[in-house]
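Protein chains get the first letters and strands the later ones, always in sequence-line order, with residue 1 at the start of each. These figures come from a predicted structure and were not determined experimentally.
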Number of protein chains: 2
Amino acid sequence: MPGISADAVILGYDGKDIKALLLKAKEVDYWMLPGGFIEKEFDLNTAVHRIVKARTGLEQLYLQQFQFFGKADRNAHQKEHLKSLHQLSLKARTWISQRFITAGYFALVKIDDVLPKADLFSDRCEWIPVDQLPPLIIDHHEILQTALLYLRRQLNYLPIGLNLMPEKFTMPQLQNLYEGIMKQKLDRGNFQRKILKLDILIRHEKLKSGGAHKAPYLYQFDVEKYNEKVKDGIGFV
Amino acid sequence: MPGISADAVILGYDGKDIKALLLKAKEVDYWMLPGGFIEKEFDLNTAVHRIVKARTGLEQLYLQQFQFFGKADRNAHQKEHLKSLHQLSLKARTWISQRFITAGYFALVKIDDVLPKADLFSDRCEWIPVDQLPPLIIDHHEILQTALLYLRRQLNYLPIGLNLMPEKFTMPQLQNLYEGIMKQKLDRGNFQRKILKLDILIRHEKLKSGGAHKAPYLYQFDVEKYNEKVKDGIGFV
DNA sequence: AGAATAGTGTCTCTTAGACATTATTAC
DNA sequence: GTAATAATGTCTAAGAGACACTATTCT
């Protein structure tokens, strides 16, 4: 009985790295994306919300479909990962190979709000930096990379800052997030100028202390203005 | 038995309007997108190629998945279109309501290469300008509009010119295409300057004649250079 | 000649990008 | 003070956008 499954690329940002929430499969040295089958009586988005909630504990979250992955591709990848499949138990193997087609979703979450929980087929659930990925089962690596590509291309139309940053944050933190997604360094001065010009930030007079250097200002998003800008594309290369 | 279906938004451009290939449903005054069920032994992309080939006769085409539409949304729309459903034969109604989930694909084709063919549930298959759409069944209007939105947002990463324009074309024709997709008028001079600077066009010395005015040059894409630019985003607003 | 439309040139204002300068903090 | 990092300012070159002018074609 073939079915429709969904896999969620749950992304978070800790002020330094962009991380994905991954599950360590039991019995083998492979990791996987949180996912599951879509039951027929549920609609797709509802089902994925349910799946993500089970791993993160989050009720409200920014969730977006980005691509479906069909059978042919999946089989090609299964060949490459044949070894990993053979090592799995019959139950787990059946669970995986039953996947006829899978929906790729990504979620943007505030990393500190999440309480990672493993599922039946995994023994750990952890945040892992997306540029230091361990081996993933079947086509999960491709799904994750596709999600990141989509994120990069849709950058102007996605509320990444709002959903990934903590309530209050510094300008260098925000810049680091953009650099991580765009995979390139940006000029500090120009970044600051461009972002401030958008007029979507509220500056707090309190400074953050900690290092042996000038303390940065704390900022917060003006949610209304932010959402307004995102609709027509938040002008940022 | 619920199943997965696919609907194709097939887009063409006749030098004046952006058009979609639509089917006129039998028995009722509604039109619909070409589509069909995905058989389990096929993979998704192959199946959609087959569907599009059946309506257009085209073997090779630019095809891209853009979104899936789940059950809840679809039911909401069915409510709105209840009248249209009641007027359908049992067979057609069953065919439509069996759709559990549908894959939205769009295809970019050279309009003159297409030989439209109706299917079993339709009596006509025609090109219709996307800004003059007739009533469409279920959520097909939404699917079509979503495709156009996607097209607009991904403009820089899609080879629209290459796939929608005829082999040889004029600059005003190309500008008109961009204006149609972006839904806004562009300055002639600036458009020309920007496009020529991309260095992806080959100019032919032969001019096109016809009207009581200066004849425009004919251009052709330098396919290799074009594809190179599209990969990193063809710099155009 | 005149109407219509294509092609090219020019001007200004904004912006991007590189980089320099100043400010703040802990040691 | 020095080291480290944040914030702000400045300069230049490139680009966007508005618009004017020239070119070509048919009636």
Inter-residue atom distance B:L164.CG - B:L108.CG, 0.5 Å rounding: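 Answer rounded to 0.5 Å: 4.5 Å.
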
Aromatic plane relationship, A:F66 with A:Y150 - under 30° parallel, 30 to 60° tilted, over 60° perpendicular: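 Aromatic pair A:Y150/A:F66 classed tilted.
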
Length of the line joining [X]:[atom1] and [N]:[atom2], which is rounded to integer Å:
{"X": "A:K16", "N": "D:dT5", "atom1": "NZ", "atom2": "P", "value": "13 Å"}
{"X": "A:K197", "N": "C:dG17", "atom1": "NZ", "atom2": "C1'", "value": "14 Å"}
{"X": "A:Q173", "N": "D:dT5", "atom1": "CD", "atom2": "P", "value": "14 Å"}
{"X": "B:F191", "N": "C:dT8", "atom1": "CZ", "atom2": "P", "value": "14 Å"}
{"X": "A:E205", "N": "C:dT24", "atom1": "CD", "atom2": "C1'", "value": "14 Å"}
{"X": "A:M182", "N": "C:dA16", "atom1": "CE", "atom2": "C1'", "value": "13 Å"}
{"X": "B:I195", "N": "D:dG17", "atom1": "CD1", "atom2": "P", "value": "13 Å"}
{"X": "A:Y217", "N": "C:dT24", "atom1": "OH", "atom2": "C1'", "value": "10 Å"}

For A:Q65, all residues meeting side chain to side chain contact (heavy atoms under 4.5 Å, CB included), sequence neighbours excluded: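 With sequence neighbours excluded, A:Q65 shows a side chain to side chain contact (heavy atoms under 4.5 Å, CB included) to A:F68, A:Y105, B:Q67, B:F68, given in chain and number order.
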
Protein-nucleic acid N or O pairs under 3.5 Å, nucleotides 1-4 of chain C:
from  : atom 1 : to     : atom 2 : distance (Å)
C:dA4 : N3     : B:A212 : O      : 3.4

Using modelled atom types only, decide if a donor and an acceptor are shared between the side chain of [X] and the backbone of [Y] within a distance under 3.5 Å.
{"X": "A:T146", "Y": "A:E142", "answer": "yes"}
{"X": "B:D14", "Y": "B:K16", "answer": "yes"}
{"X": "A:Y219", "Y": "A:K168", "answer": "no"}
{"X": "B:K110", "Y": "B:M165", "answer": "yes"}

Under 3.5 Å side-chain donor-acceptor pair for B:E167 and B:Q220: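 Distance-only check passes for B:E167 and B:Q220.
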
Exercise: do B:E224 and B:Y226 side chains pair donor with acceptor under 3.5 Å: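 No donor-acceptor contact under 3.5 Å links the two side chains.
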
Candidates D:dT8, C:dA6, C:dT8 - which lies nearest the side chain of B:L196: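 Looking only at heavy atoms from C-beta outward on B:L196, the closest nucleotide is C:dT8.
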
Give me the distances for all protein-to-nucleotides 18-21 of chain C N/O pairs that come in under 3.5 Å?
from   : atom 1 : to     : atom 2 : distance (Å)
C:dA18 : N7     : A:N190 : ND2    : 3.1
C:dA18 : N6     : A:N190 : OD1    : 3.2
C:dC19 : N4     : A:D187 : OD1    : 3.3

Short side-chain N/O contact from A:K194 to OP1 or OP2 of C:dT15, under 4.0 Å: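 So the side-chain polar atoms of A:K194 never come under 4.0 Å of the phosphate oxygens OP1 or OP2 of C:dT15.
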
Under-4.0 Å side-chain N/O to phosphate OP1/OP2 contact, A:Q192 with D:dA6: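 Indeed not, no polar side-chain atom of A:Q192 lies that close.
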
